[in-house]
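Note on naming: letters A, B, ... go to the chains in the order of the sequence lines (proteins, then strands), and numbering restarts at 1 for each one. Keep in mind the model is a prediction, meaning the values are calculated, not measured.
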Number of protein chains: 2
Amino acid sequence: MNTADQSFVKIHNQKIILDQLIQHYPISRADLAKMTSLNKATISSQTVSLMEKKLIYEIGTGESSGGRKPVMLVFNKTAGYVIGVDLGINYILTVLTDLEGNILFQNSYEIIDSSYEAIKPILIERIVEAAQGAPESPYGIIGIGVGIHGFVNNDQTIVFTPHSKWKDIDLKIILEEQFHCTVLIENEANAGAYGERLFGAIKNCSNGIFLSIGIGIGVGIIVNNELYRGTQGFSGEMGHMSIEYNGKKCGCGNTGCWELYASEKTLFENISKLKGLEHVTYKQISQLIQVQNMEVIKELDRFGYYLGIGLTNIINTFNPEAIVLRSGLIESNPIVLNSIQNTISSRISQYAHQNHQIYLSQLSRKATVLGAASFVIEHFLNEPDHLRLMK
Amino acid sequence: MNTADQSFVKIHNQKIILDQLIQHYPISRADLAKMTSLNKATISSQTVSLMEKKLIYEIGTGESSGGRKPVMLVFNKTAGYVIGVDLGINYILTVLTDLEGNILFQNSYEIIDSSYEAIKPILIERIVEAAQGAPESPYGIIGIGVGIHGFVNNDQTIVFTPHSKWKDIDLKIILEEQFHCTVLIENEANAGAYGERLFGAIKNCSNGIFLSIGIGIGVGIIVNNELYRGTQGFSGEMGHMSIEYNGKKCGCGNTGCWELYASEKTLFENISKLKGLEHVTYKQISQLIQVQNMEVIKELDRFGYYLGIGLTNIINTFNPEAIVLRSGLIESNPIVLNSIQNTISSRISQYAHQNHQIYLSQLSRKATVLGAASFVIEHFLNEPDHLRLMK
DNA sequence: TAAGTTTGTTTGTTTAATAAACAAATAAAT
DNA sequence: ATTTATTTGTTTATTAAACAAACAAACTTA
């Protein structure tokens with residue numbers, strides 16, 4: 001029940017102007033007026049306000065098109081910096097980005113002891129290290145975004161991580177107290193979906209699905225231009241969608257869960273069993289494919305087949321504009337897409353002609369970490385008054 | 001990129017005031033000011049505007065609470081009337097309602113020939129009949145809402161109806177030309193979801209799922225307080241979600257589709273086979289249950305079991321606040337809910353404690369028709385200027 | 001050199017929300 | 001019965017933001 005007044009109008013229009021500027025800079029006031037259909041005078045007054053906030057600045061005149069030369073405005077992408085963290089199962093990926101998501105610094109750490117007690121100091125250390133890489137700027141470090149493999153509720157508490165067994169960890173409060181800045185915690189797939197929507201394969205897509213395929217399968221859902229988190233924050237647990245109601249028993253309690261058939265973990269297990277190996281690596285699989293090892297290729301086909309079954313369910317559920325697949329294996333062996341596509345084509349409803357695109361992740365390993373950072377950026381740009389300590 | 005100005009503010013606040021008034025009338029200006037946290041003077045000026053539009057009126061003074069008596073305002077629910085139509089597989093249900101969804105007139109027609117050519121004149125006749133039941137009012141018949149069993153795209157064209165085989169029928173334009181009023185066409189499950197959210201089991205629920213179980217299974221999805229239609233309008237085809245990837249072949253092209261296991265149609269077929277009958281009716285089944293026929297009860301349990309399997313998938317996907325089941329059979333034999341709940345409980349992820357409620361449809365047979373009508377009501381109340389012919 | 005165009009600012013108007021003052025009506029206290 | 005405090009709803013003046021129109025500056029083109 002948010003009522004509107006004059007100040008709402010100003011904030012609302014300023015957000016539109018800034019958005020257009022970010023999308024199309026360098027740009028003149030006159031062009032902004034044309035694009036937004038706001039009055040020239042309104043643009044003039046709003047740009048003053050944006051310049052006072054150091055979010056934009058003038059870079060001199062542009063080309064004339066038969067009259068006075070325009071003064072070009074640009075987005076000040078270095079008005080502040082953000083730290084993004086991807087807390088994976090066996091790694092911590094940390095980045096420092098500007099307000100456009102450009103990476104200035106990155107660091108990857110391999111987790112040995114995944115207990116919370118062991119991770120916490122390492123995490124803080126990595127964040128401090130990244131923060132030190134930020135140049136002087138009006139707003140300094142505007143916040144920290146964390147994407148994590150596990151259940152995060154709508155209060156941003158980490159409720160449970162299936163692999164490292166963290167329980168009810170309030171990392172948000174802990175980091176806020178440590179660093180005194182905005183901290184946003186999100187599920188790994190949600191963050192990935194957001195990253196791909198802002199910077200990657202589904203840029204500006206209204207309805208998109210992000211599929212994170214690894215040890216399990218996680219799904220990030222974007223509907224009606226928004227991330228859909230669910231009532232408590234637990235949407236997108238489609239790895240535990242049953243595709244064989246009387247199938248294999250899963251640790252979650254369900255039977256025939258999709259990720260028991262279509263995760264990278266399952267594929268790796270199958271191939272290592274096939275080859276009589278204890279363990280098989282990405283590299284080994286890629287090599288086996290390159291030498292046309294038929295057993296492995298057949299296994300890969302089955303992998304794509306099972307993915308296609310679940311994806312058909314997703315398409316029937318969401319009628320999405322696009323689906324993004326995040327899987328190191330598929331990204332380095334895009335041939336899997338063929339069996340995925342074939343399976344979907346043979347199964348998708350013939351009643352209505354559904355249009356959908358399937359893309360590989362453009363951000364790849366950085367989808368989650370950039371998504372996490374972008375939550376913070378968006379939060380910062382939506383904050384009507386940038387009342388913060390100047391660094 | 002909708003910029004805001006003063007008139008936006010007025011329209012926006014007026015909508016909030018009217019919404020509060022509809023929810024809480026009779027109500028005074030003073031109480032509206034408190035509830036909306038708008039200034040008293042603003043409420044005074046806006047109520048003048050709403051009274052000019054005939055959407056509200058005064059009904060005299062109320063009880064004083066220690067000062068001047070308040071003037072009570074009420075919503076003018078008879079400012080106009082709406083026609084709702086449910087175009088089912090073997091019936092046409094038509095209602096006339098006021099602006100609150102109260103039914104003034106209703107009519108049910110059994111379809112014999114379901115071809116478009118046969119239905120069209122009957123449909124028009126039913127609408128005319130319903131319209132004649134409307135009393136004199138400021139706005140007259142404000143529109144016609146149609147819920148239909150089949151694929152409706154985002155342009156509101158009926159793309160395909162699986163049973164009656166209609167193809168690319170632009171009913172919206174046809175009815176608009178015939179009746180010169182707003183016409184809105186929606187999928188049956190989407191309309192039902194909307195009806196239940198406005199008037200029924202999931203009133204004001206932010207994230208809810210409506211399950212229409214009949215010859216097939218259709219799903220209406222409400223997320224982030226909005227109906228989710230999908231990119232083309234084909235979301236919620238979860239009847240064709242595979243729960244057994246190598247299962248029964250479905251007419252849609254997929255295998256192991258949920259509705260092959262958990263639709264009323266399947267249940268009826270199974271029971272009639274069991275009893276060696278050509279055909280079995282709702283009544284017969286209810287009677288068999290009442291006399292504790294174990295074969296039938298077992299079959300009913302299986303029905304609930306299969307529903308529970310798909311519902312577990314839905315909960316894992318959406319983490320909804322509530323799920324509404326629309327099934328004549330379950331509504332008259334709510335015992336089925338037990339096996340549904342048991343199946344879900346034993347299968348739902350133990351990782352995170354998910355809260356969800358499962359309700360029976362409150363609107364029952366009228367869910368779709370009231371949902372269809374409510375789209376028109378909402379459209380009317382959102383129209384900033386009610387520039388229409390007075391009847 | 002003159003004419004027309006483009007850009008961005010200035011000026012005054014319009015509109016809707018708000019605060020404050022006010023009048024009317026009423027209940028409760030004395 | 002009188003006083004006091006309270007509640008309701010209107011009136012008045014103020015504020016803020018968008019806008020239209022006028023304008024000045026800077027530029028291109030003929």
Legend entry - Pairwise 5' ranking along DNA chain C for A/Ser44 and A/Thr3, keeping only the more 5' one: A/Ser44

Indicate whether any N or O donor in one side chain lies under 3.5 Å from an N or O acceptor in the other, for [X] and [Y].
X        : Y        : value
A/Gln20  : A/Lys15  : no
B/Asp155 : B/Thr157 : no
B/Thr78  : B/Asn76  : yes

Which nucleotide in the set [options] lies at the smallest distance from any side-chain heavy atom of [X]?
X       : options               : value
B/Arg29 : D/dC27, D/dG9, C/dA17 : D/dG9
B/Val9  : D/dC27, C/dA17, D/dT8 : C/dA17
B/Thr42 : C/dT9, C/dA17, D/dG9  : C/dA17
B/Lys10 : C/dT7, C/dA16, C/dT9  : C/dA16

When the distance from [atom1] of [X] to [atom2] of [N] is rounded to whole Å, what number comes out?
X       : N      : atom1 : atom2 : answer
B/Leu32 : D/dG9  : CG    : P     : 9 Å
A/His12 : C/dA16 : NE2   : C1'   : 17 Å
A/Ile43 : C/dG8  : CD1   : P     : 11 Å
A/Lys34 : C/dG8  : NZ    : C1'   : 12 Å
A/Asn2  : C/dA17 : CG    : P     : 15 Å
A/Met35 : C/dT7  : CE    : C1'   : 17 Å

Inset, instruction - May I ask you to verify if any side-chain N or O of B/Asn13 is less than 4.0 angstrom from the OP1 or OP2 atom of C/dA16? - result: no

Inset, instruction - For C/dA17, take OP1 and OP2 only and decide whether either is under 4.0 Å from a side-chain N or O of B/Gln46. - result: yes

Inset, instruction - At under 4.0 Å between heavy atoms, which parts of nucleotides 20-25 of chain C does protein reach? Answer with one letter per nucleotide, 5' to 3': B base, S sugar-phosphate only, - none. - result: ---BBB

Legend entry - Side chains of A/Val95 and A/Ile83 in contact at under 4.5 Å (non-hydrogen atoms): no

Legend entry - Carboxylate-amine/guanidinium contact B/Lys203 B/Glu196, below 4.0 Å: no

Legend entry - Residues B/Glu58 and B/Arg29 bridged, charged N to O under 4.0 Å: yes

Legend entry - A/Phe380/A/Tyr139 aromatic ring centres below 6.0 Å: yes

Legend entry - 5′-ward residue of the pair B/Val71/B/Asp5 relative to DNA chain D: B/Val71

